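Source: prediction; values computed, not measured.
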Amino acid sequence: MYIERKAEGLNGPAWIGRVTFSKSGRTMTYRGRQFQKMKGYKCNCFDVENGDEYWISGPRRNGKDRLYPASRRPVEIDGDVRVEYMSKIRGILA
């Protein structure tokens, strides 16, 4: 999934990583943090522990994952999903 922290503004730090879902699908876990879905204009989830807002969505095939693509901040790809992301999502590696 694509995870972008919105606490600092529109273009926060972002990651591509593996997220696990609760049975209801309302809560997601990433790097030991739990996120709950919400309805928001510039965010769609919040960190259960501290209330920080996030944008979490499926990664895009073209790699333009940011909600506001004008940002030049890099998107970090977690090592445990790098090959899968590049081959299955982006279609770059065989």
Side-chain angles (χ1 to χ4, degrees):
M1 297 292 280
Y2 172 76
I3 303 103
E4 183 177 345
R5 188 167 186 254
K6 295 297 188 174
E8 296 92 18
L10 295 178
N11 293 302
W15 307 267
I16 299 286
R18 191 169 316 281
V19 172
T20 57
F21 292 88
S22 65
K23 287 183 181 181
S24 68
R26 185 168 163 76
T27 303
M28 296 167 270
T29 303
Y30 174 68
R31 290 186 176 179
R33 303 193 79 79
Q34 289 190 327
F35 303 93
Q36 281 192 347
K37 292 184 179 183
M38 61 181 274
K39 292 188 182 213
Y41 175 61
K42 297 175 176 123
C43 60
N44 63 359
C45 295
F46 68 93
D47 184 321
V48 173
E49 184 178 314
N50 61 24
D52 286 351
E53 296 176 338
Y54 285 78
W55 180 261
I56 301 178
S57 65
R60 297 182 184 166
R61 186 166 179 79
N62 65 5
K64 296 180 180 181
D65 297 296
R66 288 196 173 272
L67 183 60
Y68 295 96
S71 173
R72 298 192 186 274
R73 291 184 79 165
V75 175
E76 181 182 326
I77 303 171
D78 290 352
D80 64 330
V81 299
R82 183 176 304 279
V83 172
E84 182 180 4
Y85 169 72
M86 296 305 280
S87 62
K88 291 184 178 178
I89 305 298
R90 300 289 306 277
I92 294 175
L93 301 173

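- Nearest heavy-atom pair across G25 and K37 is O-CE, 3.3 Å.
- In the hydrophobic clustering of ILVMFWY residues, with side-chain heavy atoms under 4.5 Å counting as a link, V19 and M86 come out apart.
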Can I get a per-line list of side-chain donor-acceptor pairs under 3.5 Å for residues 11-18, giving both atom names and the distance, sequence neighbours left out?
| from | atom 1 | to | atom 2 | distance (Å) |
| --- | --- | --- | --- | --- |
| W15 | NE1 | E76 | OE1 | 3.4 |
| R18 | NH1 | E84 | OE1 | 3.4 |
| R18 | NH2 | E84 | OE1 | 2.7 |

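- The two residues Y85 and P59 have their closest heavy-atom pair at CE1-CB, 3.7 Å.
- At a threshold of 4.5 Å between non-hydrogen side-chain atoms, the residues R26 and Q36 count as touching.
- Under a 3.5 Å cut-off, the side chain of N62 and the backbone N or O of K64 do form a donor-acceptor pair.
- Note: the hydrophobic cluster containing V75 also contains V81 (ILVMFWY, side chain heavy atoms under 4.5 Å, direct or indirect links).
- Shown here are the salt bridge (Lys or Arg N to Asp or Glu O under 4.0 Å) partners of D65, two or more places apart in sequence or in another chain: there are none.
- Y30 and F21 fall within a single hydrophobic cluster, where Ile, Leu, Val, Met, Phe, Trp and Tyr side chains are chained together by heavy-atom contacts under 4.5 Å.
- Scored by the side-chain contact (heavy atoms from CB on, under 4.5 Å) test, I56 finds M1, I3, M28, F35, N44, C45, Y54 as partners (sequence neighbours excluded).
- When all heavy atoms of I89 and R61 are compared, the closest pair comes out as O-NH1, 3.0 Å.
- A heavy-atom distance below 4.5 Å is found between the side chains of K42 and Y68.
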Could you go step by step and tell me if R66 and Y2 meet the side chain to side chain contact (heavy atoms under 4.5 Å, CB included) rule? CA-CA 8 Å; R66 288 196 173 272; Y2 172 76; 3.1 Å; yes
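- Open room surrounds CZ on R72; 12 or fewer heavy atoms of other groups in view lie less than 6.0 Å from it.
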